[in-house]
J.: 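Let me begin by handing over the structure; questions about it come next.
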2 protein chains.
Amino acid sequence: MPRPVIRPVSDQKPAEKLTIQDVADYAGVSKATVSRYLNRGGEQLSADVEARVAAAIRALGYSPSPMAQGLKRGKSRLIGLVVADVSNSFSVAVLRGVEKACRDAGYMVMLFNLGNDEQLEREAIRSLSAYRVEGFILHTLGHDAGALADAAQLGKPVVLVDRKVGDAEVDLVALDNQTAVQEAAGHLVEAGYRRLLFISEPIKAISSRNERARAFQAFVAEHVDTVGGTVFEAQRGDDDALDEALRALRRGAGQAPVAVLAANAVISLRVAASAARLGWQLGADLGLIGFDDPEWAALVGPGLSAISQPTDDIGRVATNCLIERLQGTQLPPRRVLLPGTLVTRGSTRRA
Amino acid sequence: MPRPVIRPVSDQKPAEKLTIQDVADYAGVSKATVSRYLNRGGEQLSADVEARVAAAIRALGYSPSPMAQGLKRGKSRLIGLVVADVSNSFSVAVLRGVEKACRDAGYMVMLFNLGNDEQLEREAIRSLSAYRVEGFILHTLGHDAGALADAAQLGKPVVLVDRKVGDAEVDLVALDNQTAVQEAAGHLVEAGYRRLLFISEPIKAISSRNERARAFQAFVAEHVDTVGGTVFEAQRGDDDALDEALRALRRGAGQAPVAVLAANAVISLRVAASAARLGWQLGADLGLIGFDDPEWAALVGPGLSAISQPTDDIGRVATNCLIERLQGTQLPPRRVLLPGTLVTRGSTRRA
DNA sequence: TTGTACGCGTTATCAG
DNA sequence: CTGATAACGCGTACAA
């Protein structure tokens, strides 16, 4: 018994339940022909048939089921994106870039937000793997190298963003922290600040924080004759300790102007708040420059100086990196370092 | 010829290529049995078989293919989320809520960010439909009622967030704008401000902006003996016009204290910037309160008063709403209005 | 150039 | 309680 009954068009199947067979019936051809049209773009089809199939598809509003396609091809055209915290402006910016690049390349993004919960890293990878994503873009907390190993062991390509994880041999796209720190610290020195404090959220194993801290220490070591500087890790929520760190910075500096280099926007904000509590004027009493340049940076106090990250590029580059891997390119792991941009505002003007 | 060759465990198939058949072989049962265990939780299985299957699944690290499941069941366990702009703190906050709620319910979120591009609305719905999402949560630009119609016609449930679209008869979860405006405006009056200006991004057809503007006008009308107020639409990027609007507000007020009610965080920020340009002190020279209460609100100028939206709840409620629909609940369209919270800071203190 | 037939991994129906 | 088997919608050898 060959093909099923040809239903009249008036049946008005919802577009979601349309199958390739419906299109074939409508066009008076076989499933295979429609499939070929869909996949090889009518290359091996007679003009007549091609036109009829095209018309049928448009008339019916057909679109193939990714599930069936995925099942058959063993590919899902899904990319898993894990972000540390969607509330964080950097994460969001990357998300934007990734999402757009994926769309352009015909992939869909499956998002998993960790909400800064380290416990979730593994679950994120698992969960996304269960959905058969073809690869991962990871902006994780880096706590759980095992999670990454999971992904690698599944044989799925991984691109890291902003943060290395363990010593995994995978692609990485990130800011050129080394240079960025030098520029920022250099700017502080030029502006006349002499005692510097690098403040970060707990560094733990997060590579970008670590790199920034080390680059800062290197800078200080190189300029030991003109400036001094140390590193402080601000615990989440402990504002008293932060206030005290700032006070200590100033006490230890004598008459020398003091400044803070903040490791990200959250810290910038907290330092600004702390300065406000202490009654210090940003710029005059305390220099402040921070990584990330969210929209509000210009409006906090006298304007927050910042190191602006090329977030859209980071997202785009990471995505393209991953897609190359998906297409089978066999290259050694790459490290793509993108330059930041120094944005100077009132918080680093002593005048 | 019955079942395929039983492969030794050492073959170490990657978890992604494991099939239910592999589990069945390992446990010495049939596919059907494994499937039953997976779906009915071993209810109709002998204790012995149940244990063996469980062990096999764990040993192999098997997880079923959502594609095959989707194909068979005609369901994808995917939810489409369309947001107007991931850079907007409200969108992100909702995204957070939705994502978490979906995860808890065993759904995955497929995200489409419009990036404020009205042209994309239709494509978003189409694109997500093509992936066979089971339903939509829409925080759109509302320009394109056709897009919504598309979704509705596909027979997929839709839940709107924050904004109505056209006069569509679908569920809506949003802030209680009416009450929120009254509280905010009331607060401004209590604080002593007498000439008010409601500033919004171009209202167009965006219902929440419209509601807020109308509620504001209603408030002014009710308190016409004590306050006056008008509405201003700030075009994107036209800061000059915004400055001029503020100057005009003050000119028209004589000695009366003036204040702005901003329709969202972006506007709050722009008004704060404008005040800075004009050399006005927030609070003293210009009262300011705005919808949305992002983390930085407390740190801009003297602190920005705000109407904090229960964004996590909005996301959660919207998701649950949608999932109910997915489970077949047949109710008339609901409108869930959640209360906001007034947060008063320096920008509305005249002292 | 076009059609037939099979299999991708699951679930569901029907026997046993 | 369990096993064989037929779909689900699609892509692709293979045949015509």
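Here is how names work: the chains are called A, B, and so on, in the same order as the sequence lines, proteins then strands, and each is numbered from 1. Heavy atoms only: backbone and side chains are in, while hydrogens, waters and symmetry mates are out.
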J.: Please name all residues satisfying salt bridge (Lys or Arg N to Asp or Glu O under 4.0 Å) with A:K100, sequence neighbours left out, ordered by chain then number.
T.: A:D104

J.: Going by side-chain hydrogen bond (donor to acceptor under 3.5 Å, both in side chains), name the pairs with one or both residues in residues 156-166 of chain A, residues two or more places apart or in two chains.
T.: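 Checked against side-chain hydrogen bond (donor to acceptor under 3.5 Å, both in side chains) - neighbours excluded - the pairs reaching residues 156-166 of chain A are A:D162-A:S208, A:K164-A:E211.
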
J.: In the 5'-to-3' direction, what one-character label does each nucleotide of nucleotides 5-11 of chain D receive under the scheme B = base within less than 4.0 Å of a protein heavy atom, S = sugar-phosphate only, - = no such atom?
T.: -BBBBBB

J.: Once you build an axis from the first five pairs and another from the last five of the helix from C:dT1-D:dA16 to C:dG16-D:dC1, how far apart in angle are they, to 10 degrees?
T.: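 The angle, to the nearest 10 degrees, is 40°.
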
J.: Provide a list of protein-nucleic acid N or O atom pairs under 3.5 angstrom, restricted to nucleotides 14-16 of chain C.
T.:
none

J.: Under the side-chain contact (heavy atoms from CB on, under 4.5 Å) test, which residues partner A:V92, sequence neighbours left out?
T.: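 Once residues adjacent in sequence are excluded, the partners of A:V92 under the side-chain contact (heavy atoms from CB on, under 4.5 Å) criterion are B:V86, B:V92.
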
J.: Can you pull the salt bridge (Lys or Arg N to Asp or Glu O under 4.0 Å) pairs that have at least one residue in residues 48-72 of chain B, sequence neighbours excluded?
T.: B:D48-B:R52

J.: Using the test side-chain contact (heavy atoms from CB on, under 4.5 Å), find all partners of B:A101 that sit at least two apart in sequence or belong to another chain.
T.: B:R316, B:T319

J.: Residues two or more places apart in sequence or in another chain: which of them pass side-chain contact (heavy atoms from CB on, under 4.5 Å) with A:T33?
T.: A:V29, A:S30, A:R36, A:L45, A:V49, A:V53

J.: Residues in side-chain contact (heavy atoms from CB on, under 4.5 Å) with A:D312, at least two apart?
T.: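 Applying side-chain contact (heavy atoms from CB on, under 4.5 Å) to A:D312 gives A:R96.
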
J.: Tell me the ring pair (Phe, Tyr, Trp, His ring centres under 6.0 Å) pairs involving residues 100-136 of chain B, sequence neighbours left out?
T.: none

J.: In chain order, what residues pass the side chain to side chain donor-acceptor pair (under 3.5 Å) check against A:N88, with sequence neighbours excluded?
T.: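 Side chain to side chain donor-acceptor pair (under 3.5 Å) check on A:N88 returns nothing, list empty.
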
